[in-house]
There are 2 protein chains.
Amino acid sequence: MEEWTPAQGRGDDLQTDDMSKPAFSRAEPDARRQSLIEATARVLARDGATGASVRPIAVEAGVSPGLINHYFAGIEALIAATYSAVGEQVSNALAAAVAAAGTDPRARLTAYVTASFAPPIADRALLATWIAFWSLTGKPQIAERHDAIYARYREDLEALLAECGIAQADRRLTAIAITALVDGLWLELCLSPDSFTADEARGLAERQLATYFDRSASSDR
Amino acid sequence: MEEWTPAQGRGDDLQTDDMSKPAFSRAEPDARRQSLIEATARVLARDGATGASVRPIAVEAGVSPGLINHYFAGIEALIAATYSAVGEQVSNALAAAVAAAGTDPRARLTAYVTASFAPPIADRALLATWIAFWSLTGKPQIAERHDAIYARYREDLEALLAECGIAQADRRLTAIAITALVDGLWLELCLSPDSFTADEARGLAERQLATYFDRSASSDR
DNA sequence: TTGCTTGTTGTACGATCGTATAATAAGGAA
DNA sequence: TTCCTTATTATACGATCGTACAACAAGCAA
């Protein structure tokens with residue numbers, strides 16, 4: 001079933017210096033998996049969804065193409081794992097921005113939306129990564145991860161809203177609205193950065209937040 | 001340069017009935033181009049970005065693969081043309097919803113956002129189409145079309161805001177905010193329809209619109 | 001009818017895709 | 001040291017990608 005050429009030693013034309021150096025090194029399974037995920041994220045950011053195939057990822061990770069199938073069930077499983085990893089990374093970046101804002105609830109909420117329009121979150125490369133994931137949400141396995149990641153975002157946001165004194169009954173929909181506005185601004189800001197600035201996006205989000213707190217006259221609607 | 005097999009007649013095993021029926025028919029160039037664009041839109045909606053390749057599109061259009069390169073500079077040009085076509089289609093659907101709402105400016109604005117969360121606009125297949133375009137915005141040719149389409153959306157929306165009496169100085173940013181919120185809700189609604197309903201999305205958008213009109217106490221922000 | 005133009009087809013081609021697998025060698029166990 | 005496990009490599013394979021182009025034929029002009 002297989003044609004196997006004479007084997008030819010490997011590395012006999014490049015790297016002719018000597019044979020004392022190991023040709024490759026084994027890695028801790030978890031570490032190797034992690035480095036493959038990171039390489040995938042870099043390739044997705046650099047080349048987008050269409051460029052994230054087995055061979056370029058293997059080159060980026062400095063391993064042979066076959067190794068990917070040794071650690072993951074297939075390229076799709078690797079991309080799914082990368083989805084979760086990047087999603088968590090974004091969550092952590094937002095959490096760090098909130099933590100850096102101190103203890104005032106309102107300031108923490110502002111920090112959350114502000115961080116969404118600054119690097120490393122508002123970044124063309126990160127958008128490319130996200131689009132690659134979205135283009136796979138037809139597969140249930142990927143759709144599941146999306147739901148989990150977004151549920152986490154909304155949970156975090158609901159917690160911030162709770163700190164600010166938003167009634168529990170309003171938190172869910174308020175979080176959905178804020179997430180939608182921020183995502184919509186973020187998306188368009190990444191897609192065509194010339195149509196408005198990050199500062200304008202921040203201002204718009206902030207103004208919307210304000211309507212949830214200064215509602216002295218909007219109770220009739 | 002080319003290996004050309006004996007030619008073999010074509011259609012000698014299938015379609016053996018007789019030879020009186022034309023094997024294909026010529027089409028008006030514009031009509032053919034249009035049908036290729038429509039076939040591309042259908043394939044994008046059905047199979048997403050990864051499935052929109054030359055052969056499936058040709059099958060969907062009922063022509064041979066080679067014909068695509070006869071009418072378009074390449075598959076990418078065809079997809080770009082489809083982007084413009086779908087974008088205009090959405091614009092028209094929104095305009096129709098606005099027109100159907102009558103003459104009251106406020107009702108027309110509501111109709112605009114309401115239509116965004118109903119078929120045929122809020123549709124998983126249309127999202128797949130859009131994602132396919134977004135994944136190509138690295139190419140300047142596609143990015144241009146995106147900018148043109150979104151500028152058109154915002155123009156339309158600004159016109160509706162003008163009817164409602166929003167000051168000219170506020171229209172641009174208000175249109176950006178509404179577009180972002182609607183797009184964000186639309187996106188998440190298509191990606192995971194279980195996290196909230198179309199009715200809830202409508203309600204959230206409507207509530208945001210209200211803040212632009214009932215602003216008796218928010219002038220200090 | 002005959003001839004011509006050109007829309008259309010069918011296929012070749014090289015590149016690249018994801019996956020499978022035999023051979024190789026790293027590195028700890030004995 | 002020697003052996004053994006298995007991580008890793010290097011390829012083969014079939015499918016599919018976008019494009020190129022020679023042959024065919026539809027439909028109009030004459």
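So that the names make sense, note that chain A is the first sequence line, chain B the second, and so on, each numbered from 1. All values below were derived from every heavy atom in this structure, side-chain atoms included, with hydrogens, water molecules and symmetry-related copies excluded.
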Chemist: In sequence, state the C-alpha distance, the side-chain angles, and the governing distance for B:Arg152 and B:Ile149, and then conclude on side-chain contact (heavy atoms from CB on, under 4.5 Å).
Modeler: CA-CA 5 Å; B:Arg152 162 85 187 274; B:Ile149 290 170; 5.6 Å; no
Chemist: Determine the interplanar angle of the A:Tyr153 and A:Trp130 rings, folded into 0 to 90°, and report it as parallel if under 30°, tilted if 30 to 60°, perpendicular if over 60°.
Modeler: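 Rings of A:Tyr153 and A:Trp130: parallel, under 30°.
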Chemist: Mapping A:Pro65 and B:Pro56 to their closest nucleotides on DNA chain D, which lands nearer the 5' end?
Modeler: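 Closer to the 5' end of DNA chain D: A:Pro65.
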Chemist: Scan residues 63-90 of chain B for pairs that pass salt bridge (charged side-chain N to carboxylate O under 4.0 Å, His left out), counting only residues two or more places apart or in two chains.
Modeler: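 Non-adjacent pairs meeting salt bridge (charged side-chain N to carboxylate O under 4.0 Å, His left out): B:Glu76-B:Lys139.
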Chemist: Would a 4.5 Å heavy-atom cut-off, applied to side chains only, mark A:Val86 and A:Leu44 as touching?
Modeler: no
Chemist: Round to the nearest Å and state the distance from B:Ile75 atom CD1 to D:dG18 atom C1'.
Modeler: 8 Å
Chemist: Within this structure, what is the OG-CD distance for the pair B:Ser195 and B:Glu200, rounded to the nearest 0.5 Å?
Modeler: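 CD of B:Glu200 is found 9.0 Å from OG of B:Ser195.
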Chemist: Set out, line by line, the N/O atom pairs under 3.5 Å between protein and nucleotides 28-30 of chain D.
Modeler:
none

Chemist: Got A:Leu204 and A:Phe117 here, is their nearest side-chain heavy-atom distance under 4.5 Å?
Modeler: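 Not touching, per the 4.5 Å side-chain cut-off.
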Chemist: From CG of B:Asn69 over to C1' of D:dT19, roughly how many Å is that when rounded to an integer?
Modeler: 6 Å
Chemist: So which protein N/O to nucleotides 5-8 of chain C N/O distances come out below 3.5 Å?
Modeler:
unit_1, atom_1, unit_2, atom_2, d
C:dT6, O2, B:Arg26, NH2, 2.5
C:dG7, OP2, B:His70, NE2, 3.4
C:dT8, OP1, B:Ser25, O, 3.1
C:dT8, OP1, B:Ala27, N, 2.7
C:dT8, OP1, B:Arg32, NE, 3.3
C:dT8, OP1, B:Arg32, NH2, 2.6
C:dT8, OP2, B:Arg32, NE, 3.3
C:dT8, OP2, B:Tyr71, OH, 2.7

Chemist: At a heavy-atom distance below 4.0 Å, what parts of residues 130-137 of chain B sit against DNA chain C?
Modeler: none
Chemist: How long is the gap from CG on B:Leu136 to OH on B:Tyr83, to the nearest 0.5 Å?
Modeler: 9.5 Å
Chemist: Once you round it to whole Å, what is the distance between C1' of D:dC17 and CG of B:Leu78?
Modeler: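 Taking CG of B:Leu78 and C1' of D:dC17, I get 15 Å after rounding.
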Chemist: Begin from the C-alpha positions of A:Ile37 and A:Tyr71 and carry the test side-chain contact (heavy atoms from CB on, under 4.5 Å) through to its verdict.
Modeler: CA-CA 11 Å; A:Ile37 287 174; A:Tyr71 281 107; over 6 Å; no
Chemist: Start at the 5' end of DNA chain C and walk down; is the nucleotide closest to A:Glu76 or to B:Gly62 reached first?
Modeler: B:Gly62
Chemist: Using a 6.0 Å cut-off, check whether atom CD of B:Glu144 has over 12 heavy atoms from anything other than its own residue.
Modeler: no
Chemist: Is there a side-chain contact (heavy atoms from CB on, under 4.5 Å) between B:Val43 and B:Val59 once you walk through the steps?
Modeler: CA-CA 10 Å; B:Val43 171; B:Val59 168; over 6 Å; no
Chemist: Identify the residue among A:Leu67, A:Leu36, A:Thr82, A:Thr40 that makes a side chain to side chain contact (heavy atoms under 4.5 Å, CB included) with A:Phe72.
Modeler: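 Of A:Leu67, A:Leu36, A:Thr82, A:Thr40, side chain to side chain contact (heavy atoms under 4.5 Å, CB included) with A:Phe72 is met by A:Leu36 alone.
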Chemist: Walk me through it: do A:Tyr112 and A:Leu209 pass the test side-chain contact (heavy atoms from CB on, under 4.5 Å)?
Modeler: CA-CA 11 Å; A:Tyr112 183 92; A:Leu209 284 185; over 6 Å; no
Chemist: Which of residues 36-55 of chain B have a heavy atom under 4.0 Å from DNA chain C?
Modeler: B:Arg55
Chemist: Can you tell me how far C1' of D:dA20 sits from CZ of B:Phe72, to the nearest Å?
Modeler: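 The answer, rounded to whole Å, is 18 Å.
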Chemist: The criterion is side chain to side chain contact (heavy atoms under 4.5 Å, CB included); which residues satisfy it with A:Leu191, sequence neighbours excluded?
Modeler: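 So A:Leu191 forms a side chain to side chain contact (heavy atoms under 4.5 Å, CB included) with A:Leu127, A:Leu187, A:Glu188, B:Trp134, B:Thr137, B:His146.
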Chemist: Calculate the interatomic distance between B:Ile57 atom CD1 and D:dT19 atom C1'; express it in whole Å.
Modeler: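 Interatomic distance, CD1 of B:Ile57 to C1' of D:dT19: 14 Å.
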